[in-house]
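Just so it is clear, the structure is predicted and the values come from calculations on it, not from any experiment. Count residues from 1 along the sequence.
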Amino acid sequence: MQDKMFDNFNEQTRQFFEPMRKLNSLMLDNMEKMSQYQMESMKRYSQLGTERMRDATEISDSEGLRDFSTRQADMLNELSSQMLEDARAMSEMSLEFKGELEALFAESGQQLADQASKATEQATQATQEAAQRVTKAAEQASGPATEATKPAGGAAKASSSSTRKR
């Protein structure tokens, strides 16, 4: 009996914490993806900046400065397109995360509704069983009424009428 009760308690505890575990896992996975993408982006931007500084140190004459300025304009175009691409990718990751969160919350809500209806059914069933046991116990306690245990109708009437006459 106690083993069954402990098993039920453990199962209910697992079911209670399962949505939180899934939420934490989902958030951790998303944070990991976003951090990884941001680290890759930062690496690209720092490499681009480092290349620009190297190119700037190699300027030795006016022609080199003109070439550097031309490449600088190209680099700024490349940089702006890369930043737009990064913003789009981050936005897609955010939308994907939002969709996963909505699915998780919908699933958790359905599980809670199922658990609530199951608990209601169990409570109703337990109430009905308890009512049946009480009814049975009451029937067994009173037992079948026999002639010896029945009050005599005439004697009860006689005693009540004799007390009225006095």
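- For Q47, the side-chain contact (heavy atoms from CB on, under 4.5 Å) partners two or more places apart in sequence, or in a different chain, are K43.
- Atom CD of residue E11 and atom OG1 of residue T13 lie 9.0 Å apart, to the nearest 0.5 angstrom.
- Every residue two or more places apart in sequence or in another chain that forms a side chain to side chain donor-acceptor pair (under 3.5 Å) with Q82 is listed here: D86.
- When the salt bridge (Lys or Arg N to Asp or Glu O under 4.0 Å) test is applied to E78, no partner is found at least two apart in sequence or on another chain.
- Through direct or relayed side-chain contacts under 4.5 Å between Ile, Leu, Val, Met, Phe, Trp and Tyr, M83 connects to Y45, L48, M75, L76, L79.
- Under the side-chain contact (heavy atoms from CB on, under 4.5 Å) criterion, M53 pairs with no residue at all, not counting sequence neighbours.
- Listed by chain and number, the hydrophobic cluster partners of M31 are L28, where partners are ILVMFWY side chains within reach of under 4.5 Å, directly or through others.
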N/O donor to acceptor pairs below 3.5 angstrom from side-chain atoms of residues 91-101, sequence neighbours left out:
unit_1: E92; atom_1: OE1; unit_2: R88; atom_2: NH1; d: 3.0
unit_1: E92; atom_1: OE2; unit_2: R88; atom_2: NH1; d: 2.3
unit_1: S94; atom_1: OG; unit_2: M90; atom_2: O; d: 3.0
unit_1: E96; atom_1: OE2; unit_2: K33; atom_2: NZ; d: 3.0
unit_1: K98; atom_1: NZ; unit_2: E102; atom_2: OE2; d: 3.4

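- Partners of R21 under the side chain to side chain donor-acceptor pair (under 3.5 Å) rule, at least two apart in sequence or in another chain, are E18.
- Scanning for side chain to side chain donor-acceptor pair (under 3.5 Å) contacts around Q38 gives an empty result, with sequence neighbours left out.
- Considering only heavy atoms from C-beta on, R52 comes within 4.5 Å of D55 through its side chain.
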Which donor-acceptor pairs under 3.5 Å do side chains of residues 56-69 form with protein atoms, sequence neighbours excluded?
unit_1: T57; atom_1: OG1; unit_2: R54; atom_2: O; d: 2.7
unit_1: D61; atom_1: OD1; unit_2: G64; atom_2: N; d: 2.8
unit_1: S69; atom_1: OG; unit_2: L65; atom_2: O; d: 3.0

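- Note that OH of Y37 and CE of M42 are 13.5 Å apart. Values are rounded to the nearest 0.5 Å.
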Compile the donor-acceptor pairs under 3.5 Å between side chains in residues 119-131 and protein atoms, sequence neighbours left out, one pair per line.
unit_1: T120; atom_1: OG1; unit_2: A116; atom_2: O; d: 2.8
unit_1: T124; atom_1: OG1; unit_2: T120; atom_2: O; d: 2.8
unit_1: Q125; atom_1: NE2; unit_2: E129; atom_2: OE2; d: 3.4
unit_1: T127; atom_1: OG1; unit_2: A123; atom_2: O; d: 2.7

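- Around atom CE of M39, no more than 12 heavy atoms belonging to other residues, nucleotides or ligands sit under 6.0 Å away.
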Let me check something: any side-chain donor-acceptor pairs from residues 105-113 under 3.5 Å, sequence neighbours excluded? List them with distances.
unit_1: E107; atom_1: OE2; unit_2: K22; atom_2: NZ; d: 2.5
unit_1: S108; atom_1: OG; unit_2: L104; atom_2: O; d: 3.0
unit_1: Q110; atom_1: NE2; unit_2: D114; atom_2: OD1; d: 2.9

